[in-house]
Each structure stands twice: as C-alpha cells, then as structure tokens.
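In what follows, a single structure is set out as structure tokens and then discussed.
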Amino acid sequence: MAKPHATMPLDFQTLPEPDMLARAEAFRAVMQKRRSVRDFSGRPVPRAIIEAAVLTAGSAPSGANQQPWTFACIADAAIKRRIREGAEEEERAFYAGRAGEEWLGALAHLGTDASKPFLETAPWLIVIFAQRWGHDAEGRKIKHYYVPESVGIATGLLIASLHQAGLATLTHTPAPMNFLNEICGRPDNEKALILLVVGYPADKVTVPAITRKPIGEIAAFL
Ligand code: IYR
C-alpha cells in the first residue's frame with residue numbers, strides 16, 4: 001500500500017464526443033498557424049500576458065512534481081543587448097566552423113546566420129532554465145528527476161500559450177548557453193535550455209517555406 005498522502009477532488013468535465021473532436025480540431029487549426037519568426041517588431045507586449053503564459057508553462061507535469069524550471073523574463077534593453085552580444089559571439093564560432101558541414105547543410109533552407117538583431121528588437125526574451133538539482137527546506141541538495149523532459153513539456157505549453165494569445169515566438173538555442181547564467185543572475189544548478197524570443201512579427205515578415213509531416217509519418221496506431 002502506498003503511504004497516506006494528501007488528496008483533493010479532481011476538477012474535470014466530461015464533454016460530449018462531438019464537442020471533443022470540434023475542440024481538438026479547433027486547437028489544431030490554431031496551432032497549425034504557429035511558425036518560428038526571426039524578424040520582430042519593437043511593439044511592446046504587456047507583462048501580464050507574459051506572466052499568464054509563464055503560469056501556463058508552470059502547470060506542466062514534471063518529475064515528482066518538482067517543477068524544475070525558472071523562466072527569466074527580460075524586457076530591459078541593456079540586458080537584451082548583452083544577451084545579443086553573447087549569443088552572436090557563440091553563433092559566429094558556430095557558423096564559422098564549429099557546427100560542421102553536415103549541420104550547416106541541414107540548416108541551409110532556413111537562411112539563418114550569426115546575426116541576431118531580434119534579440120534586441122523583440123520586446124521580451126524568456127530564458128528557460130532547467131534546475132538540474134534543487135534544495136530542500138534545510139538547504140540540502142536534492143535530486144531532480146526527468147528534468148529535460150519536464151522543462152521541454154513546460155516550454156511547449158509556453159509556446160502554445162503565447163501563440164494562441166496572438167504573439168510570435170522563436171526558439172533560439174545559441175550553443176553553449178552558459179553565458180546566460182551570469183547575465184540572468186541564475187545559480188550554478190540551473191542550465192539554460194532555450195532562449196525564447198517573444199513579440200509581434202515585423203511588418204510583411206516572411207518565413208521559410210516548409211511543410212509538416214502527415215499523420216502517417218508521425219504516428220503509429222497499434
Ligand atoms: N543556433 C543557430 C543555429 C541553428 C540551429 C538549429 I538545429 C536551428 O533549427 C536553427 C538555427 C542559430 O540560431 O542561428
């Protein structure tokens with residue numbers, strides 16, 4: 001028998017099946033329109049929208065419910081400039097050879113390069129940190145479980161929330177991202193996983209012509 005533990009009633013509403021399908025299709029239609037954007041407008045975005053989206057991200061399931069994430073939300077121009085400088089330094093090394101031919105070949109259709117002006121233009125940068133370990137009430141180190149999985153799920157919810165709120169995002173991953181700990185003032189147990197750029201797309205922005213795999217290529221029904 002599992003040990004006694006505190007419980008509370010589940011807040012769950014069973015929907016009629018036709019509504020379920022309609023809602024799943026409606027959400028699919030919304031999410032199908034999400035595209036990574038690399039050219040942002042400087043138009044400000046209210047902090048309350050960012051906070052609501054971060055709280056949605058924080059509702060993600062996580063290993064042992066440890067919620068091993070920190071979202072560093074940056075609107076400050078001077079901090080954004082430092083992040084751009086740090087990221088572009090890494091990206092220059094990446095595009096100059098660190099990536100290797102095969103990786104650069106895989107990216108070629110996206111038309112990316114080491115220049116990342118959007119890190120200053122976009123109104124918000126959200127650096128998503130994974131807490132590789134935590135501390136208990138007495139300050140002792142505690143193990144965290146399934147950290148990349150948990151933080152990945154939370155990031156997916158964050159992106160979905162921002163998209164359906166009417167904002168564009170870019171999942172940006174300058175590598176390595178250690179420089180973000182110092183800029184964001186995050187401790188050593190935290191590792192930056194993703195730098196999410198958030199805002200409105202620039203006027204008349206274009207995106208790479210891509211397609212999404214059909215159901216037969218991404219699912220196996222057994
Ligand atoms: N971080 C680099 C390179 C890059 C890597 C992947 I994988 C992408 O999907 C896109 C870009 C950059 O941001 O340019």
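What you see is a predicted model; the values in this text were computed from it and never measured. All ligand and atom numbering here is 1-based and tracks the order in the structure. Counting from 1, the numbers follow the sequence of the chain as shown.
Counting heavy-atom neighbours within 6.0 Å of E89 CD, excluding the residue itself, gives a total of 12 or less. Atom CG of D136 has more than 12 neighbouring heavy atoms from other residues, nucleotides or ligands inside a 6.0 Å radius.
Looking only at side-chain heavy atoms (C-beta outward), R23 and L15 come within less than 4.5 Å of each other. Within the 4.5 Å cutoff, the side chain of S150 has no heavy atoms near those of the P61 side chain.
In the vicinity of F94, heavy-atom distances shorter than 4.0 Å reach the ligand 1 atoms 3 (C). Counting the atoms of ligand 1 from 1 in the order shown, those under 4.0 Å from a heavy atom of T173 are 1 (N). Within ligand 1, counting atoms from 1 as listed, the ones closer than 4.0 Å to a heavy atom of L107 are 3 (C), 4 (C), 5 (C), 6 (C), 8 (C), 9 (O), 10 (C), 11 (C). Of all atoms in ligand 1, listed by their number and element, those nearer than 4.0 Å to a heavy atom of Y95 are 2 (C), 3 (C), 12 (C), 14 (O).
Side-chain contact, S62 with Q67: no donor N or O sits under 3.5 Å from an acceptor N or O.
Scanning E91, H172, K116 for the heavy atom closest to atom 1 (N) of ligand 1 points to E91.
Among protein heavy atoms, atom 7 (I) of ligand 1 sits closest to W103 NE1, 3.5 Å.
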